[in-house]
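Here is the structure we will look at.
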2 protein chains.
Amino acid sequence: MILRLAIIGFGNVGQGFARMLLDKREWLLKTKGLDVEIVAISTRSRGSLISNRGLDIERVLDLLANGKSLDEYGDEATECTARQIIDRTIADMMIELTTLNIEDGQPATDHISHALSKGMDVVTANKGPIAFAYHDLRTTSRSMGSRFRFEGTVMDGTPIFSLIEKTLPGCEVIDIRGILNSTSNYVLTAMTNGRSMKDAVMEAQAKGIAEADPTLDLEGWDAAAKITALANVLMDARMTPRDVDRTGIKGITAETMNEAARQDNRIRLVASASRNNDDVVLRVKPESVSSKSPFWSVNGTSSAITIRTDLMGELTILETDPELTQTAYAVFSDMLHVVESIRSGTL
Amino acid sequence: MILRLAIIGFGNVGQGFARMLLDKREWLLKTKGLDVEIVAISTRSRGSLISNRGLDIERVLDLLANGKSLDEYGDEATECTARQIIDRTIADMMIELTTLNIEDGQPATDHISHALSKGMDVVTANKGPIAFAYHDLRTTSRSMGSRFRFEGTVMDGTPIFSLIEKTLPGCEVIDIRGILNSTSNYVLTAMTNGRSMKDAVMEAQAKGIAEADPTLDLEGWDAAAKITALANVLMDARMTPRDVDRTGIKGITAETMNEAARQDNRIRLVASASRNNDDVVLRVKPESVSSKSPFWSVNGTSSAITIRTDLMGELTILETDPELTQTAYAVFSDMLHVVESIRSGTL
């Protein structure tokens, strides 16, 4: 089986995913009978490519690694917009990897909706569309018979959506709690070790963990988008990040940390989704976490989710010190799940 | 689709599973189109039943809850052995729930092998067969086209085997570490809180956590069987619990605990499987666990596994305060996975 991909947004995650395809090329052929070709790439500032015969991934990665534009690739270079590329590509699957827009999840939502409505399968690591438009996108994908997956939107490649869907059949999710934002957690961990918030943020920026403008993280917007995505998918909520009762970590002082420590607690930014009669209540706020909690050991850029279900009680999954390659793996595993669905004729 | 079950061994887990079938009967019919019937039950000391028309589960559970033998059920009562029941039943699937035999995994292994070789699908929560004979059983199941699942053998219903199989495609397991035995962990937790080992064991027995003879747990045999099962399935090892470098917790004293506490550590019984060139090395021994470890918060009867893979780095899954119903859920989820395989025509 040949699988043709169009990749919209080709930053670190996209490039990591492309490298994974190269590394696992033989494994994919041998154990999955799968020949994956990239037939289109769209970037915001480094040019775009489209080719029905498949692109030379190594050459693409080399150009980008050397700071060059994809225009230098050759005749496959195109000035098409992402939407035009979706219209013109022969890809079976679109991989959407543009960056998060916390206002409304655009233009990623439009890209995905457009690709699904053309019958393409879609994989994304962008949480915006799941936080803002999951139910509409799911409706489109079901009506078109397209598959739509998004494991990389929460906790990198750690299976969360797949965990519930594929390993916990029949379980109903009662509530979810998570440490979901690595910048906030890195800053809080550093503050536990005596650093000021300002220093901790600068350190996180220097390490490439925090953005130049860390507001989305520190004010809890990133965590809010993630808990909304989780609730929309796993608890059938119909909410957006604006519906989250949200408090960031900006008000946390050394004193707050010390007071918590005196009670053998730590402060963590906890995002939660719980049921209240027929409603789902979403919350992001700093909480005291005791040494008996599985969240106690979630330090630095690590993250964790606790899920309570009716049949299986309380499970926690932790990801320790993730790297970018793990978000790339989310895309890789979603791609394989889609292939499996195609083969078994399910959605 | 009608699915007919024969249940060999019908203690707490089997009865919990049967109750779950009753509770989820409508859900199974409605969302899975699945009508599950129990057509045979074999117990060691409470009689056995066989009926092609399906047994009245509520009546069976009532008899057992009232301390009665299944002989009182009626004409369906039989004196057949488990093996004879497997020969005579029309069941599509055998559920093997007899108790662990740490010497050689029998008679469970024979039951499973026999059922698989007759073309029945098999689900078990008994770790013996996976620790002693996994590769033979897998060979039989593949050659017969039967499905064989065993999620309940390690960490109750927490997805471990399914986690790797279904949510981490393409990942190779590099090593595994786990707190797998609830009795040892309960005892060590109580000792951390100042209790003597003797008192802690008696407390665990009173609460029904530890057996009357807790030797298998305290000497690390139960953890050894579980890590062997994990290594056989997830790392393609061909080992038995006798191949485990095994140290139990019997030598742990209050002094050991205090010394660990002085270094801000706790003692936990850790089972591990790691690669050493082409070999897999299995170990069970008490280890110091620091407050930075995800194992720090694994108290009482909780358990945890950390899995390191090539593509997804280090993941930990924790189960907090499990109950018997969660092992029953393992059987339930395995049953659903088998049905899914049947429907998609995969093994």
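A note on names: the letters A, B, ... follow the listed sequences, proteins ahead of strands, and every chain is numbered from 1. Excluded from the calculations below are hydrogen atoms, water molecules and symmetry mates; all remaining heavy atoms, backbone and side chain alike, are included. None of these values were measured; they are calculated from a predicted model.
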B:F332 portion near chain A, given a 4.5 angstrom heavy-atom threshold: side chain
Mind listing the donor-acceptor pairs under 3.5 Å that bridge chain B and chain A?
| from | atom 1 | to | atom 2 | distance (Å) |
| --- | --- | --- | --- | --- |
| B:K24 | NZ | A:G170 | O | 3.1 |
| B:K24 | NZ | A:D310 | OD2 | 3.3 |
| B:L168 | O | A:Y329 | OH | 3.4 |
| B:P169 | O | A:Y329 | OH | 2.8 |
| B:G170 | O | A:K24 | NZ | 3.2 |
| B:D310 | OD2 | A:K24 | NZ | 3.3 |
| B:E314 | O | A:T320 | N | 3.3 |
| B:T316 | N | A:L318 | O | 2.9 |
| B:T316 | O | A:L318 | N | 2.8 |
| B:L318 | N | A:T316 | O | 2.8 |
| B:L318 | O | A:T316 | N | 2.9 |
| B:T320 | N | A:E314 | O | 3.3 |
| B:Y329 | OH | A:L168 | O | 3.4 |
| B:Y329 | OH | A:P169 | O | 2.7 |

pair B:V298-A:P294: side-chain heavy atoms closer than 4.5 Å: no
Straight-line distance of A:L168 CG to B:L163 CG, nearest 0.5 Å: 9.5 Å
Between B:G157, B:A304, B:A330, B:P169, the one whose heavy-atom pairs under 4.5 Å with chain A are most numerous: B:P169
Part of B:I317 within contact of chain A (heavy atom distance under 4.5 Å): both
Within-4.5 Å side-chain heavy-atom neighbours: A:L318 and B:L318: yes
Segment of A:L336 engaging chain B (4.5 angstrom heavy-atom cut-off): side chain
